[in-house]
Every structure is written in structure tokens, then in C-alpha cells.
Amino acid sequence: MNSNFKICVIGMGYVGMSLSLALAEKDYNVTCFDVNKEKIVKLKKGSMYIYEEGFEKSLKKNHNKLTFVEELPKSDFYFICVNTPSLKNGKCDTSRIKDCINNIINISKTATIIIKSTCEIGTCRKMQKMVNKLNANNTVIFSPEFLAQGSAYENSINPDRIVLGGENQKALSILQKIFSAFTQNIYAMDWESAETVKYASNALLATKVSAINEIANLCEKTGANILEVSKAVGEDKRIGKSFLKAGCGFGGSCFEKDLKALMSIAEIHNIDMKVFNATLQANNHQRLTVVEKLKRRLKSLCGKTIAVLGLAFKKGTNDARESVALYVVNELINNRANLKLYDPQACESFKYEFKTKFDKTINENCFYPKIQDAIKNIDACIVLTDWDEIVNLKLKDKNVIIIDGRNCLKYIENSIKVGM
Ligand code: UGA
């Protein structure tokens, strides 16, 4: 069955790249398209442009099953993996999905279109109506992506579940067959349910993080140890062990964006999502707890030299979108501190995101390629990402105040943890 279908993946971001690699790994031939020609040129040469565990190796291994193209080809299945950024009103911008569908229809009026990009509840039905109005016979299916950056490849090869949303039973059953190469745990449902699964999953995960952070803040006052608390709480299977790591808050391009989109849909239906609103509020507060802790110890941050270790929104990725570091660094700048910034992968993304968010450029001299140089001659150090080299850091100077925003440092006993 593998060789009979022509499969095209549109959008070579984390989602499209991992899907293409995972399909190739299962012996499918995949044509990969992106409007960004630079990306395609690099991929054609066999070089990866994003840092993600497993990508490089799989690209090398499966290069003969992957064709990278600069023009959208004719295909039987098109997987749309383009980004759907937040609009000012919190809704997600689905215009790129719409553009893709129009481009597909110009090439094939029968191909199945699978939307993997996160989109608002109701989007797929609208897209199917648009297709029908254009007198095309394409079927629209929604298949939300659940991969997490840092483990994107592993999540794509071994997904917990596959969700398919749509009305065309024939298309659904072919896709079930394709995805059965990855898991038997496949759920087919209507579009709106599948769209809701994606938002509900991220909203609940984000809420779990905000909830444990709130417990951690209480632990700090009562003398309890959040690490012990989380461990024992997570042993309850109904709660589960994951997403109970307390710290300086969640970041990334998905949680905040998806929560905002969910709340904006709820608002249209006159539903006030109090829990999810609180999740975001709690995270806004949590992101700056590390700076508050520092201020309490140093009184004024003005003129103090502070190292910020970890700019990526989590370890294992070079992505700094909505990373806690953006907010922390901005606050340090507002308090006129001197900065020494370190991240093994995410400096470029951080510079771009910081400029976009705050319209300020950080002096190049503030970035240190080596962690050892970043921690020399400093008054304090804030840890925001638990990269291995940060976790294993050995900082001998006892006078340096260390705020461990991820409660992760292994060898530094005098660090100030979040929630302890
Ligand atoms: C998230 C979801 O986990 C994926 O399932 C989903 O597919 C993805 O969004 C998406 O919608 O595309 P991701 O944003 O890559 O994935 O990263 P997570 O692992 O969920 O981490 C998000 C943030 O929460 C990070 O800043 C992380 O450090 C923080 N976090 C996570 C904690 O502070 N504590 C935890 O226990 C877990």
C-alpha cells in the first residue's frame, strides 16, 4: 500500500518535518514543499535548518524517500502543516491554511487534504464548504498534531494516539490504514470534536503546569518540598507523573496561543472560561517569580551583572518563541541590570523573538557562546532552561546568587529554587 499513494507535506516546520520523516521511516515516499525556498535548498542538500533530536539522523537515513520541492506537486494526499499564529484578538490566523487549499485545488480537485495545523473549532467545516463552492471534490480531514518540541521525532514515530476528524468515511479509513503504521490507537470523529481534542489537550496540560506552580509557591511559604510533593502526587494514576515539574512557568508557541484561541471561541458562545483564564494569569505571574526572588536578595538590580542560562522555551529545541527568558530578560533590562546570556541552541531565535515582542535589540556582547564565560564575574545567575550543561553546572563562587527557575541544578547546593 505504501508505494501506491502520492503524499505531499506542505510546511517544513517542526510538524511537517517530523511527519515527513516519520512517514519516510515507515517506507512511504514523501514530497516535501515549503514556500520558503531557502529551507528547501538546505534540505535538498541534506542539511537540517532546525535543531530537533533525531531529525538530522532520520533525514540522512531516509533521504532517498524524501523529495524536497520548490513548486507544489500533484499528489493524492496533501498534509497541511503551516503555522497558524495568534491574531491580535486571540483567534488563530487560518489564512495560510486557506491559501494552501486554494493552491491544492488549482492542481488537483480530488486529492484528500489533511489539516495538521492547529485551527479554531469550525475551521475544517468552513474549509470543506469553501472547497465545495469551488466545485472541487477534495475531502478535508483534520488530524491534530500532538508532538512536543524536543521530542518531536519520537512523538511522531510513537504517538500516544492519532485523531482524525471528518465526514468522508472512505478518506478516514484510508488514513486509518496509513497511520496504523504508527499506532493502532486511532480515533475517528467529526471535525469539531477533533479540533476540540487539540485545544483541550493543550489547555489541560498548561493548566496542570500552572496548578503545580501554584502548589510550589505555597510550598515555599510552608516549608514543604515541591519535588517530594510532585513525586508522590504524580503516583496517583488519575493525576499522572508528567507535567508536574514546577518552575518559572510555561513557554512555547502553543500553550498560550491555544488557550487564547480557545477562550476567544468560548467568548463568542458567551462562555467565560474561568479556569483557563486563571491558567494564563498564573503563568504571567510565574514567569517573573525568578526576578522577584532576585530583587528580594539584591535589593536593586541596577548595575548588577546577571547571567541568564537558557533562552529556549524548553530544552532540546532551538526555539525561543514565548520563552520565559524573553520576559525575564526584558524585566532585567527594565531594572538596568548588565546581562550575560547563554543558550547552546536558541540565541538566534531569542534575538528575533525579543526584537519582535519588545522592539528592542540586545547588544551582541551580551551573548556568550560558552557557559563558563557567561558565569564569570557575575553577581547572580538565573537558570531558565534545563539543558544538560546547565543541569550539570559546577559554580564554585559561593557569593553568587543562583536562582534555579527549573529546580534542576544537580551540583549546586546553595541555589534558590522556585517553590522551595
Ligand atoms: C505542547 C504540547 O505538549 C504538545 O502535545 C502539542 O502538540 C504542542 O504543544 C503543540 O500544540 O504543538 P510544546 O509546546 O512543544 O508541546 O512543549 P511542552 O513539552 O508541552 O512544554 C511547554 C512548556 O511547559 C515548556 O516551557 C516547558 O518547560 C513547560 N513545562 C512542561 C513545565 O514548566 N513543567 C512541566 O512539568 C512540563
Side-chain angles (χ1 to χ4, degrees), residues 11 13-19 50-53 81-86 92 116-119 143-156 158-163 195 197-217 226-227 229-231 233-234 239-262 279-280 282-283 286-287 289-290 310-328 343 346 353 383-387 390-391 404-408 418-419:
Y14 293 94
V15 173
M17 199 67 238
S18 25
L19 175 68
I50 34 179
Y51 173 76
E52 183 66 39
E53 181 99 12
C81 306
V82 296
N83 56 342
T84 49
S86 263
C92 83
K116 299 250 358 139
S117 314
T118 299
C119 55
S143 179
E145 183 52 64
F146 300 108
L147 66 79
Q149 284 172 235
S151 54
Y153 182 69
E154 171 57 24
N155 297 155
S156 302
N158 290 312
D160 287 341
R161 78 299 207 187
I162 295 288
V163 172
E195 288 163 339
V197 172
K198 170 68 191 191
Y199 279 136
S201 300
N202 273 358
L204 287 168
L205 287 171
T207 302
K208 205 171 169 190
V209 175
S210 274
I212 201 67
N213 284 340
E214 214 150 74
I215 301 284
N217 295 342
I226 187 62
L227 298 182
V229 172
S230 301
K231 223 187 280 169
V233 168
I239 297 171
K241 288 181 194 170
S242 61
F243 276 71
L244 287 182
K245 262 196 214 154
C248 55
F250 60 75
S253 66
C254 305
F255 281 0
E256 184 162 339
K257 166 185 162 261
D258 290 357
L259 273 163
K260 282 183 177 161
L262 187 64
T279 295
L280 279 183
N283 197 54
Q286 198 69 14
R287 285 194 295 232
T289 48
V290 288
L311 306 173
F313 83 92
K314 65 191 262 196
K315 75 167 180 179
T317 180
N318 63 346
D319 193 345
R321 281 178 291 173
E322 281 306 315
S323 76
V324 172
L326 293 168
Y327 297 91
V328 168
D343 192 284
E353 293 300 325
V383 169
L384 296 178
T385 317
D386 53 349
W387 288 103
I390 297 175
V391 170
D404 183 357
R406 294 284 170 198
N407 294 328
C408 66
V418 170

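Everything quoted here is computed from the prediction, not taken from an experiment. Whatever order the structure lists them in is the order used to number ligands and atoms, beginning at 1.
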Evaluating non-hydrogen atoms only, which member of Arg321, Lys245, Arg287 is closest to atom 35 (C) of ligand 1?
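Nearest heavy atom to atom 35 (C) of ligand 1 lies in Lys245.
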
Pick from Lys116, Gln149, Lys257: the one approaching atom 15 (O) of ligand 1 most closely through a non-hydrogen atom:
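Checking each option, the heavy atom nearest atom 15 (O) of ligand 1 is found in Gln149.
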
At less than 4.0 angstrom from any non-hydrogen atom of [X], what atoms of ligand 1 do you find?
X: Glu145; result: 7 (O)
X: Phe250; result: 23 (C), 24 (O), 26 (O), 29 (C)
X: Arg406; result: 28 (O), 33 (O)
X: Leu244; result: 36 (O)

Is [X] near ligand 1, meaning one of its heavy atoms is under 4.0 Å from it?
X: Lys208; result: no
X: Lys198; result: yes
X: Gly252; result: no

Region of [X] engaging ligand 1 - heavy atom pairs below 4.0 Å:
X: Leu147; answer: backbone
X: Leu205; answer: side chain
X: Cys254; answer: side chain

Do [X] and ligand 1 have an N or O pair less than 3.5 Å apart?
X: Thr118; answer: no
X: Phe255; answer: no
X: Lys314; answer: yes
X: Gly251; answer: yes
X: Phe313; answer: yes

Starting from [atom], which protein heavy atom do you reach first, and at what distance in Å?
atom: atom 2 (C) of ligand 1; answer: Asn202 OD1, 3.4 Å
atom: atom 31 (C) of ligand 1; answer: Phe243 CE2, 3.6 Å
atom: atom 5 (O) of ligand 1; answer: Phe146 O, 2.8 Å
atom: atom 30 (N) of ligand 1; answer: Val209 CG2, 4.0 Å

Side chains of Leu280 and Glu256 in contact at under 4.5 Å (non-hydrogen atoms)
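In contact.
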
Partners passing side chain to side chain donor-acceptor pair (under 3.5 Å) against Gln149 (at least two apart in sequence or in another chain):
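Per chain and number, Gln149 pairs via side chain to side chain donor-acceptor pair (under 3.5 Å) with Thr317, Asp319.
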
Only one of Leu204, Ile212, Val209 passes side chain to side chain contact (heavy atoms under 4.5 Å, CB included) with Phe243; say which it is.
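One option only clears the test, and that one is Val209.
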
Would you compute the distance between atom CD of Glu52 and atom OG of Ser156 and round it to the nearest 0.5 angstrom?
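Going from the CD atom of Glu52 to the OG atom of Ser156 covers 8.5 Å.
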
Give, for atom OG of Ser151 and atom NZ of Lys315, the distance between the pair rounded to the nearest 0.5 Å.
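The NZ atom of Lys315 is 10.5 Å from OG of Ser151, to the nearest 0.5 Å.
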
Quick check against the 3.5 Å criterion: does [X] have a side-chain atom that pairs as donor or acceptor with the backbone of [Y]?
X: Thr84; Y: Thr118; value: yes
X: Lys198; Y: Asp258; value: no
X: Arg321; Y: Gly252; value: no
X: Ser323; Y: Leu311; value: yes
X: Lys116; Y: Ser143; value: yes

Would you call the rings of Phe250 and Phe255 parallel, tilted or perpendicular, taking 30° and 60° as the class edges?
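Because their plane-to-plane angle is over 60°, the rings of Phe250 and Phe255 count as perpendicular.
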
Would you say Asn155 and Glu145 are linked by a side-chain donor-acceptor pair, where the criterion is simply a distance under 3.5 Å?
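No, Asn155 and Glu145 have no side-chain donor paired with an acceptor closer than 3.5 Å.
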
How close do Ser18 and Leu147 get, heavy atom to heavy atom, and via which atoms?
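Nearest pair, atom of Ser18 first, then Leu147: OG-CD2, 3.0 Å.
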
